[in-house]
There are 2 protein chains.
Amino acid sequence: MDEVPGLRSAQRRGLAEEAADRIREAIFDGAFPPGAPLREVELAAALRVSRGSVREGLTRLDREGLVESEWHRGCRVRTLSAADADELHTLRAALDELAMRTAAARATEADLAGLGDLVAGLERARDLDAPTADLIALDMRFHDGVYRVTGHRRLGEAWAAIRSQIYLFLLIRTRGAEDYRDLVVEEHRDLVEALRSGDQDRAARLGTEHVHGGYRRLLDGLGADVD
Amino acid sequence: MDEVPGLRSAQRRGLAEEAADRIREAIFDGAFPPGAPLREVELAAALRVSRGSVREGLTRLDREGLVESEWHRGCRVRTLSAADADELHTLRAALDELAMRTAAARATEADLAGLGDLVAGLERARDLDAPTADLIALDMRFHDGVYRVTGHRRLGEAWAAIRSQIYLFLLIRTRGAEDYRDLVVEEHRDLVEALRSGDQDRAARLGTEHVHGGYRRLLDGLGADVD
DNA sequence: GATTGTCCGAATGTTGACAATAGAGGTCCG
DNA sequence: CGGACCTCTATTGTCAACATTCGGACAATC
């Protein structure tokens with residue numbers, strides 16, 4: 001089992017994954033608002049791919065929770081109600097707690113440096129007045145990094161199953177929350193610090209607080225007028 | 001189309017789900033041991049279904065973590081190493097903690113009665129010297145019930161993503177653990193009691209202890225000779 | 001003798017045609 | 001005029017054939 005240091009295996013990607021990526025992108029860009037139907041023939045024609053590939057790509061998005069499909073009634077972009085938001089954040093808090101605890105135990109110096117770089121990039125983006133969407137993307141990449149550091153494959157899969165939904169949720173509902181820009185850097189710096197300390201309990205606690213706090217601020221900023 | 005007497009009832013629910021169910025059953029029955037390849041043509045011929053349907057069914061099993069598939073290399077039954085067992089139980093503990101906490105807050109009297117009935121059935125089965133596999137099946141149904149009581153759709157999906165793997169793991173590695181039969185009834189009765197009390201913290205704590213305790217006993221009973 | 005290039009059988013990835021279904025809108029009857 | 005029924009169409013579910021890729025066996029080369 002020889003591994004070459006700086007070389008990751010080039011993984012072949014089928015058309016299904018490619019299609020899933022394109023459709024996901026389109027949803028994030030707002031081309032398909034929540035509730036919009038995703039018709040297989042239409043997508044197949046647009047992507048120059050057969051319906052089978054589109055179909056398989058859609059099941060991947062279904063696994064990510066981005067779309068929902070019913071028998072013989074096709075696929076629609078999932079709508080996110082207030083109850084859905086609550087589900088997403090309670091579940092994410094539980095996952096993040098385990099992720100931060102595990103990461104605190106297993107993070108190497110290189111891992112910590114990588115996460116630190118991400119936070120630095122986040123700070124730079126904020127100071128340069130980058131659009132909030134960019135900050136959110138970096139935020140997500142940071143947490144992806146934490147899950148990767150855990151080396152916990154199934155935990156990563158559980159995160160992947162809600163990741164896109166949380167991303168979409170943040171993109172849609174972050175307009176009113178201006179304090180997000182101020183707090184995002186500081187909070188993530190604290191997370192890295194907790195990981196560096198190796199204190200698993202502290203890291204776990206900070207992880208859940210980070211999620212719950214962000215959720216609470218979001219709700220406060222928007223009022224209770226969630227549909 | 002050739003008609004086979006007892007094999008022609010796969011219409012209303014979609015052939016893909018039907019195929020997934022059959023294959024899952026076969027895996028649990030030991031027809032496909034861990035690591036065994038699942039060839040699409042072979043399965044399609046056996047189930048009298050096209051390869052497309054088998055293919056879609058296999059992706060469902062992949063979502064459940066029962067099989068793993070690589071590009072152009074097909075599907076195999078997932079093998080469960082010691083590291084996998086650790087992943088499964090740490091993740092399950094995190095999910096169960098949230099599930100017990102939520103269930104403690106939302107369980108109605110009818111819910112509690114239903115769970116109580118399941119425990120009673122478990123006790124009956126144990127006293128009747130039912131095979132351990134039956135006890136395990138009832139054990140799983142109990143926890144399914146807890147997740148259902150939470151009303152937390154995404155939490156239930158996260159559980160579904162590891163449920164089959166845990167089931168398979170228990171089926172394979174429970175031979176040596178005789179104390180399982182003794183403790184299983186008592187522990188689940190305690191869980192119901194905690195839910196009835198409505199004390200969320202206590203329920204959550206008991207939930208994680210239940211998982212971790214069971215895992216520890218399993219490891220002790222088997223020694224460290226896990227492959 | 002080890003490495004590299006090439007071929008071959010087998011299995012999967014992809015495709016377009018065909019069948020089944022849900023939902024809409026019209027029609028008939030009370 | 002309203003409701004049950006029926007047809008019709010758009011859309012998804014299923015299928016069998018075609019294209020691509022993998023892994024190993026064998027031969028050529030240094």
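Chain A is the first sequence line, chain B the second, and so forth, proteins listed ahead of strands; every chain is numbered from 1. Every value quoted in this text rests on a predicted model; they were computed, and no experiment measured them.
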If only atom types and distance count, is the side chain of B:Asp29 paired as donor or acceptor with the main-chain N or O of B:Ala26 below 3.5 Å? no
What is the distance, rounded to the nearest whole Å, between atom CD of B:Glu70 and atom P of C:dG13? 11 Å
Working to the nearest 0.5 angstrom, can you tell me the gap between A:Ile162 CD1 and A:His89 NE2? 9.0 Å
Please work out which of the three classes, parallel, tilted or perpendicular, describes the rings of B:His210 and B:His188, given edges at 30° and 60°. perpendicular
Which protein N or O atoms sit under 3.5 Å from an N or O of nucleotides 7-9 of chain D?
none

Report all interatomic pairs (protein N or O, nucleotide N or O of nucleotides 7-11 of chain C) with separations under 3.5 Å.
none

To the nearest Å, give me how far apart CG (B:Leu47) and P (D:dC15) are. 11 Å
When you measure from the side chain of A:Tyr215 to the backbone N and O of A:Asp86, does any donor-acceptor pair fall under 3.5 Å? yes
Separation of A:Arg76 atom CZ from D:dT11 atom P, in whole Å? 11 Å
Neighbour count >12 (heavy atoms, 6.0 Å) for atom CZ, A:Arg154: yes
For A:Asp96 and A:Trp159, test the side chains for any donor-to-acceptor distance below 3.5 angstrom and give the result as yes or no. no
Any side-chain to backbone donor/acceptor pair from B:Asp84 onto B:Ser81? Under 3.5 Å, distance only. yes
Keeping the roles fixed (side chain from B:His152, backbone from A:Glu87), state whether a donor-acceptor pair exists under 3.5 Å. yes
Check: B:Asp111/B:Thr108 side-chain N/O donor and acceptor closer than 3.5 Å: yes
Distance check needed: D:dT12 C1' versus A:Asp62 CG, whole Å only. 15 Å
Walk me through it: do B:Arg60 and B:Glu64 pass the test salt bridge (Lys or Arg N to Asp or Glu O under 4.0 Å)? CA-CA 6 Å; B:Arg60 280 168 201 254; B:Glu64 296 176 16; over 6 Å; no
For the residue pair B:Thr59 and B:Asp62, confirm or rule out a side-chain donor-acceptor distance under 3.5 Å. no
Whole Å only: how far is the CD atom of A:Glu18 from the P atom of C:dG13? 16 Å
Nearest-angstrom distance from the residue atom CH2 of B:Trp71 to P of D:dG23: 12 Å
In residues 50-61 of chain B, what residues come within less than 4.0 Å of DNA chain C, judged by heavy atoms? B:Arg51, B:Arg55
Please give, in whole Å, the distance from C:dG13 P to A:Glu17 CD? 11 Å
